[in-house]
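Below is one structure, written out as structure tokens, with a few remarks after it.
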Amino acid sequence: MGLELYLDLLSQPCRAVYIFAKKNGIPFELRTVELLKGQHFSADFAQLNPLKKVPVLKDGDFTLTESVAILLYLTRKYKTPDHWYPQDLQARARVDEYLAWQHTALRRNCLQTLWHKLMLPVFMGEPVAPEMLAATLAELDGSLQLLEDKFLQNKAFFAGPHISLADLVAITELMHAVGAGCQVFEGRPKLAAWRQRVEAAVGAVLFQEAHEVILKVKDSPPADPTIKQKLRPSILALIQ
Amino acid sequence: MGLELYLDLLSQPCRAVYIFAKKNAIPFELRTVELLKGQQHSDAFVQVNPLRKVPALKDGDFTLAESVAILLYLSRKYKTPDHWYPQDLQARARVDEYLAWQHTALRSSCSQAMWQKLLGPVLLGVQVPPETLASTLAELDRNLQLLEDKFLKDQAFLTGPHISVADLVAITELMHPVSTGCQVFKSRPKLAVWRQRVEAAVGEDLFQEAHAALMKAKDLPPLDLAMREKLKAAVQVLLQ
């Protein structure tokens with residue numbers, strides 16, 4: 001059995017891993033784990049990842065969680081082009097800096113945006129207090145400003161003139177907010193231009209393919225009560 | 001001007017960077033940024049790190065935020081011994097996996113425990129409701145269990161037979177609740193033994209030195225009103 005990637009393209013980190021693997025022609029078996037059907041709670045999946053999260057990589061006997069770790073593993077094992085994770089000390093540090101910062105910043109903001117704006121009301125049938133949504137969107141806005149001012153500045157991409165893992169991880173997060181109906185690129189021409197560049201570098205077809213699920217998530221039917229009950233605790237923990 | 005490290009040893013990630021630099025005899029100027037005096041908001045410091053957080057690194061014109069990025073930069077620039085961030089593909093992936101996981105898991109539990117159990121009461125005169133503290137300590141406990149079951153397992157160190165940056169990042173986190181009187185190692189002999197190994201590998205003197213400020217945190221005087229209000233707003237999230 002070759003490389004297996006356990007993914008749900010609903011999930012931002014899964015999209016980053018998917019795009020990276022596909023873009024670099026890395027051969028893998030896609031194992032879809034449908035989060036909204038609670039498939040991550042299955043006994044089989046728990047065997048694979050007791051944390052019950054995606055993405056997961058399985059390479060023979062070697063299992064790996066955490067999208068950042070998976071992306072770095074893939075760059076090394078498959079010797080992907082330098083720009084994804086540059087050898088240059090300072091450029092690489094810029095990528096590491098973004099990949100570390102985003103866990104508790106943009107990622108959190110985009111996850112909360114999706115759930116507070118869309119999924120809690122529409123999928124779970126639980127309306128969210130306007131103040132809570134407002135606070136979430138304000139925080140998202142703060143992170144977007146940091147993206148422009150600290151990470152992007154006047155460069156083409158986060159780490160310099162070429163696309164890197166940092167841009168991939170960032171764009172897939174922002175598409176979460178877009179899927180929720182937030183026009184994150186409106187009124188932010190710098191970010192919008194960066195987005196075009198990232199999409200071009202990835203390839204429009206692959207980019208669309210990876211984002212099909214998230215862009216259709218607003219049309220999800222409401223969850224049935226069994227699923228709701230199953231998913232509720234983990235959703236609340238996720239969006240805290 | 002050589003390497004400068006902007007640190008406050010009250011902060012867990014600062015301790016990891018400090019220990020790593022000292023242990024590897026990396027020459028640096030220590031620039032103390034006293035968080036409890038709001039020094040991270042000074043104009044001078046904002047130039048170094050617009051995110052207004054510690055640790056931060058300045059190497060000539062190059063500035064860098066995020067402890068994980070700083071640790072990796074130092075390991076590469078100063079060519080530290082392999083075990084800190086092993087070349088081996090799978091061993092390195094395990095370190096990356098820990099460094100990614102901890103941001104939203106152990107780190108957040110330890111910060112919350114610190115603020116709710118000690119710093120909130122001592123510095124801010126804030127008493128957190130018992131249910132909140134109980135829930136935080138339960139979450140900490142779950143993360144400690146994951147630390148043992150998913151990372152440490154039957155290994156000497158978190159990611160294999162030798163100490164790595166993962167162990168440094170973990171131990172400095174755990175000392176946070178330890179300083180509040182949480183007996184994190186008492187009921188967990190496996191973790192207690194790992195702690196001894198890490199302390200021995202780092203060197204007891206250096207370990208004590210790095211944790212001196214933290215261990216005296218309970219004797220800190222309450223903050224003045226202005227600082228109190230400022231800090232309360234900033235740590236609101238950690239007190240919930």
Side-chain angles (χ1 to χ4, degrees), chain A residues 13 49-51 53 55-57 59-79 85 87-105 107-108 111 135 139 142-143 145-146 148-151 153 159 166 169 237-240, chain B residues 13 46 49-53 55-57 59-79 85 87-105 107-108 111-112 135 139 142-143 145-146 149-151 159 166 169 236-237 240:
Chain A
N49 183 14
L51 292 174
K53 290 183 172 185
V56 182
L57 170 152
D59 196 359
D61 288 328
F62 181 67
T63 308
L64 186 65
T65 63
E66 292 296 333
S67 60
V68 169
I70 291 171
L71 288 165
L72 295 177
Y73 177 84
L74 294 175
T75 61
R76 289 167 186 137
K77 180 165 179 181
Y78 296 92
K79 298 177 174 26
Y85 193 55
Q87 283 283 2
D88 174 75
L89 188 68
Q90 292 186 7
R92 180 166 286 195
R94 286 268 92 80
V95 179
D96 287 334
E97 186 186 52
Y98 183 76
L99 295 179
W101 173 82
Q102 56 90 26
H103 288 281
T104 51
R107 170 156 176 67
R108 194 173 145 266
L111 206 54
E139 271 194 54
S143 287
Q145 199 58 49
L146 277 171
E148 288 197 18
D149 296 343
K150 177 182 161 57
F151 294 102
Q153 293 174 7
V169 167
L238 191 66
I239 63 174
Q240 218 167 40
Chain B
V46 171
N49 185 11
L51 296 172
R52 299 165 191 244
K53 290 183 172 187
L57 169 153
D59 196 0
D61 289 329
F62 181 66
T63 56
L64 187 65
E66 292 296 332
S67 60
V68 169
I70 291 170
L71 288 165
L72 297 183
Y73 176 85
L74 294 176
S75 74
R76 286 167 185 137
K77 180 165 178 179
Y78 297 92
K79 298 177 174 24
Y85 192 55
Q87 283 283 3
D88 175 77
L89 187 69
Q90 292 187 7
R92 180 166 287 197
R94 287 273 163 259
V95 178
D96 288 334
E97 188 184 44
Y98 183 78
L99 295 178
W101 173 82
Q102 56 90 25
H103 286 281
T104 52
R107 171 156 176 68
S108 73
S111 292
Q112 285 179 306
S135 146
E139 181 68 22
R142 273 191 290 277
N143 283 314
Q145 197 61 49
L146 278 169
D149 297 343
K150 177 176 165 62
F151 295 100
T159 54
V169 168
Q236 193 68 286
V237 164
Q240 281 162 357

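Below, chain A is the first sequence line, B the second, and so on; all start at residue 1.
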side-chain contact (heavy atoms from CB on, under 4.5 Å) against A:Gln87, all qualifying residues, sequence neighbours excluded
A:Asp82, A:Arg92

If you round to the nearest 0.5 Å, how far is CD of B:Glu97 from CG of A:Leu72?
12.0 Å

Residue selection (most heavy-atom pairs with chain B, distance under 4.5 Å) from A:Val95, A:Val68, A:Thr65
A:Thr65

Part of B:Lys77 within contact of chain A (heavy atom distance under 4.5 Å):
both

Side-chain heavy-atom pair A:Arg107, B:Thr104 within 4.5 angstrom cut-off:
no

Inter-residue atom distance A:His103.NE2 - B:Trp101.CH2, 0.5 Å rounding
12.5 Å

For B:Leu146, is it the side chain, the backbone, both, or neither that has a heavy atom closer than 4.5 Å to a heavy atom of chain A?
side chain

At what distance, to the nearest 0.5 angstrom, does CD of B:Glu66 lie from CG of A:Asp96?
10.0 Å

So, for A:Ala93 and B:Leu64, which heavy atoms are closest and what is the spacing to 0.1 Å?
O-CD1, 3.6 Å

More than 12 foreign heavy atoms under 6.0 Å from CG of B:Asp88: is that the case here?
yes

Just so I understand: if I count every heavy-atom pair under 4.5 Å between each of B:Leu57, B:Asp59, B:Leu89 and chain A, which residue has the most?
B:Leu89

So, taking the atom named CD in B:Gln102 and the one named CD in A:Glu66, what distance separates them when rounded to the nearest 0.5 Å?
9.5 Å

Which region of A:Leu146, side chain (C-beta onward) or backbone (N, CA, C, O), has a non-hydrogen atom less than 4.5 Å from a non-hydrogen atom of chain B, or is it both or neither?
side chain

Taken to the nearest 0.5 Å, the spacing of A:Lys150 NZ from B:Asn49 CG works out to 5.5 Å

A:Leu99, part contacting chain B, at a heavy-atom distance under 4.5 Å:
neither

I need the residue from B:Arg94, B:Arg107, B:Glu139 with the largest number of non-hydrogen atom pairs under 4.5 Å to chain A.
B:Arg94

